[in-house]
Amino acid sequence: MTEIARRFSMHHRTLSRHLAREGVSFQQVADEMRFAIACDLLTNTDMALDQISIMLRFSEPSAFTRAFRRWSGRAPSAWRASHARGRNRPPRRTVPRPR
């Protein structure tokens, strides 16, 4: 978050306040982006799950698998099997926000 705030030339607390005004947290935005990137990599590449987890900066592949299951309700391998390359692209989904 600090790096992103710096790129916008603001303090991380200011970024946090702006996001709060929009009703989201930095973690929610980061998770939405990680989910979108993960879906794209699973759909359009043959990259191994451990490589994807490293690219998305998860501490270990099992942490990625747990997060992906939380976001989509499915394991990454099940997602990949049902969204294989050559099929129509799945609609973009965002990570559900808690109410």
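For clarity, every value in this text was computed on a predicted model and none was experimentally measured.
Between atom CG of residue Leu42 and atom CE of residue Met47 there is a gap of 9.5 Å, rounded to the nearest 0.5 Å. Summarising the geometry, atom OG belonging to Ser25 is positioned 8.5 Å from atom CE belonging to Met1; distances are rounded to the nearest 0.5 Å. Between Thr2 atom OG1 and Arg7 atom CZ the span is 12.5 Å, to the nearest 0.5 Å.
Scanning all heavy atoms of the two residues, the minimum distance from Leu41 to Arg80 falls at O-NH2, 3.6 Å. Here the closest non-hydrogen pair linking Thr65 and Pro76 is CG2-CD, 3.8 Å.
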Please report, to 0.1 Å, the donor-acceptor pairs under 3.5 Å made by any side chain of residues 52-59, with sequence neighbours excluded.
{"unit_1": "Ser53", "atom_1": "OG", "unit_2": "Asp50", "atom_2": "O", "d": "2.7"}

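Taking the six-membered ring where tryptophan is involved, the planes of Phe68 and Phe35 are tilted, since the angle between them lies from 30° to 60°.
At distances below 3.5 Å, not a single donor-acceptor pair connects side-chain atoms of Glu22 with backbone N or O atoms of Leu19. Not a single donor-acceptor pair under 3.5 Å links the side chain of Asp40 to the backbone N or O of Ala36.
Arg69 pairs by the salt bridge (charged side-chain N to carboxylate O under 4.0 Å, His left out) definition with nothing, not counting sequence neighbours. Residues that satisfy the salt bridge (charged side-chain N to carboxylate O under 4.0 Å, His left out) test with Arg21, not counting sequence neighbours, are absent from this structure.
Defined by atom type and a distance below 3.5 Å, a donor-acceptor pair is present between the side-chain atoms of Glu60 and Ser62. Side-chain polar atoms of Arg17 and Thr14 form a donor-acceptor pair below 3.5 angstrom.
Using a 4.5 Å heavy-atom threshold, the side chains of His11 and Ser16 count as separate. Side-chain atoms of Arg34 and Phe64, non-hydrogen and from C-beta on, never get closer than 4.5 Å to each other.
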Does the pair Met10 and His18 meet the rule for a side-chain contact (heavy atoms from CB on, under 4.5 Å), with working shown?
CA-CA 11 Å; Met10 65 177 70; His18 285 295; 4.0 Å; yes
